[in-house]
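Working notes, structure below.
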Amino acid sequence: MTGTTVCRTVVAIALTATLAGLTGCTSSGGPADGGPGGSAPPAATPQSSDPSSTAPPAPSLTGPSAEALRAVERATGRAGSARVESTTVMGSELSLKAAGALGWRDDGLTGTLTITYTGGTTAETMRRLGTTAMEARYLPDAYYAEVGDEFADRVGGRHWIKYVYEDLEDLGGGAGAGFADQMRNTTPNQAVKLLLTAEDVRKVGEEKTRGRRTTHWTGTVGGATAQTVDIWVDDRDLLVKKVERGRTENGELTQAAYYSEYGVTVSAERPPAADTADFKELLASQGG
């Protein structure tokens, strides 16, 4: 495996864990292109390129619909944690599923997800390296992605890669600006905040979602780079399901997540330092 291939794979792993983490909560913007050398799949990035402006625009919705959605925003935010099952499909580049528990307390996103590659060119690359699934651990300052033995042999025998959020800001030629704040502040109720900015938001009606009685809301956000956001809410004003759809240069991006067991205990331990490689140092050592 060449240094360039190592770099591309390290970036691909970074973006896989990013997409899974933001799907578990929400991606507040569309993907941006590339990584070092333009060879990696896109990442989910904030709507604004201004690092000081990671929150969605001020709500434009008023009336009973706004009141109902703000109740959902508050209840879901207060819950602080939940079990999450999510799927992501990004054109022909990547499809994956993730499951685990995530928390969104004051100190940022925490938790653990098991991520399984289910298709796409990135998945094929990872399979050739002996990896079909990995564990991702999210902590307030960084996340850690587990790699298989074959790839570990290429990076000094270490089985975990540490991605400090600030180090990911430059991915995609600067398109990741604001990424660190987004990962710290991301919560499931961000999807509700997005809907509060949609001029066409509407209540679709009552539906059963995984056997639970829910209310379905939908709307379009993002202007020229429009994406649709759908949420399903239970009688406790808690988010049960979220689906976001948009377009990228690599095709359609669809992200869906289901939430359950709100308030569940969440833990994420840092892997042993001796078994961990730093993302930024790896890129530098491989000429990335």
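For the pair Thr76 and Tyr262, the minimum side-chain heavy-atom distance is below 4.5 Å. Looking at Asp149 and His159, their side chains come closer than 4.5 Å, going by heavy atoms from C-beta outward. Between Tyr165 and Tyr138, the closest side-chain pair of non-hydrogen atoms falls below 4.5 Å. Looking at Arg137 and Pro271, their side chains come closer than 4.5 Å, going by heavy atoms from C-beta outward. At a threshold of 4.5 Å between non-hydrogen side-chain atoms, the residues Asp230 and Arg245 count as touching. With contacts defined as side-chain heavy-atom distances shorter than 4.5 Å, the pair Met134/Val147 does not qualify. Put simply, the side chain of Val72 reaches to within 4.5 Å of the side chain of Asp237, judged on heavy atoms. You'll find the side chain of Gln255 stays beyond 4.5 Å of the side chain of Gln227, heavy atoms only.
One finds the CE atom of Met126 at 10.0 Å from the CD atom of Glu150 (value rounded to the nearest 0.5 Å). A distance of 12.0 Å separates CD in Gln190 from CG in Leu195, rounded to the nearest 0.5 Å. Here the CZ-CD distance, from Arg78 to Glu73, works out to 10.5 Å after rounding to the nearest 0.5 Å. With rounding to the nearest 0.5 Å, the separation of CG in Asn189 from CZ in Arg70 is 13.0 Å. Separation of atoms NE2 (His216) and CD1 (Ile231) is listed at 8.5 Å; rounding is to 0.5 Å. Atom CD of residue Glu135 and atom CD of residue Glu146 lie 5.5 Å apart, to the nearest 0.5 angstrom.
Here the closest non-hydrogen pair linking Pro140 and Thr110 is CD-CG2, 3.7 Å. Of all non-hydrogen atoms in Tyr163 and Ala145, the two that sit nearest each other are CE1-CB, 3.9 Å. Nearest heavy-atom pair, Thr116 versus Ala133, reported as atom, atom and distance to 0.1 Å: OG1-CB, 3.9 Å. For Arg158 against Ala274, the heavy-atom pair with the smallest separation is CG-O, 3.6 Å. Of all non-hydrogen atoms in Ala198 and Val221, the two that sit nearest each other are CB-CG1, 3.8 Å. When all heavy atoms of Leu239 and Lys242 are compared, the closest pair comes out as CD2-CB, 4.4 Å.
For the pairing with Tyr117, the side-chain contact (heavy atoms from CB on, under 4.5 Å) check across Leu94, Thr125, Thr132 returns one residue only, Leu94. Applying the side chain to side chain donor-acceptor pair (under 3.5 Å) test between Ser95 and each of Thr118, Thr122, Thr88 identifies Thr118 as the sole match.
Judged purely by atom type and a 3.5 angstrom limit, Ser65 has no side-chain atom pairing as donor or acceptor with the backbone of Lys203. Formation of a donor-acceptor pair under 3.5 Å by the Ser81 side chain with backbone atoms of Val264 is found in this model.
No continuous path of ILVMFWY side-chain contacts below 4.5 Å connects Leu96 to Val89, so the two sit in separate hydrophobic clusters. Hydrophobic clustering, with ILVMFWY side chains joined whenever heavy atoms are under 4.5 angstrom apart, keeps Trp160 apart from Ile115. Tyr258 and Leu113 are assigned to two separate hydrophobic clusters, defined by single-linkage of ILVMFWY side chains at heavy-atom distances under 4.5 Å. Linking Ile, Leu, Val, Met, Phe, Trp and Tyr residues whenever their side-chain heavy atoms come within less than 4.5 Å places Leu69 and Val229 in a single cluster. Tracing side-chain contacts under 4.5 Å through hydrophobic residues (I, L, V, M, F, W, Y), one never reaches Trp232 starting from Leu194; they form parts of separate clusters.
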key: Intermediate values then yes/no, side-chain contact (heavy atoms from CB on, under 4.5 Å), Val84 and Tyr259   = CA-CA 5 Å; Val84 180; Tyr259 308 94; 4.0 Å; yes

request  = Verify side-chain contact (heavy atoms from CB on, under 4.5 Å) between Val155 and Ile161, making sure each step is shown before the conclusion.
outcome  = CA-CA 9 Å; Val155 291; Ile161 302 176; 5.6 Å; no

request  = Step by step, work out the side-chain contact (heavy atoms from CB on, under 4.5 Å) result for Val201 and Leu196.
outcome  = CA-CA 8 Å; Val201 68; Leu196 283 165; over 6 Å; no

request  = Tell me, with the steps shown, if Val192 and Trp217 meet side-chain contact (heavy atoms from CB on, under 4.5 Å).
outcome  = CA-CA 9 Å; Val192 186; Trp217 296 85; over 6 Å; no

request  = Please step through salt bridge (Lys or Arg N to Asp or Glu O under 4.0 Å) for the pair Arg270 and Asp141, ending with a clear verdict.
outcome  = CA-CA 11 Å; Arg270 296 183 192 274; Asp141 63 326; 2.9 Å; yes

Step-by-step salt bridge (Lys or Arg N to Asp or Glu O under 4.0 Å) determination, Glu207 to Lys241 = CA-CA 11 Å; Glu207 300 178 10; Lys241 178 183 177 182; over 6 Å; no

Worked check of salt bridge (Lys or Arg N to Asp or Glu O under 4.0 Å) between Asp278 and Lys280 = CA-CA 6 Å; Asp278 182 86; Lys280 193 172 184 178; over 6 Å; no

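Comment: Glu124 engages Arg127 in a salt bridge, judged by a side-chain N to carboxylate O separation of less than 4.0 angstrom.
Using modelled atom types, one finds a donor on one side chain and an acceptor on the other under 3.5 Å when comparing Thr215 with Glu206.
Within a 6.0 Å radius of CD in Glu269, other residues, nucleotides and ligands contribute 12 heavy atoms or fewer.
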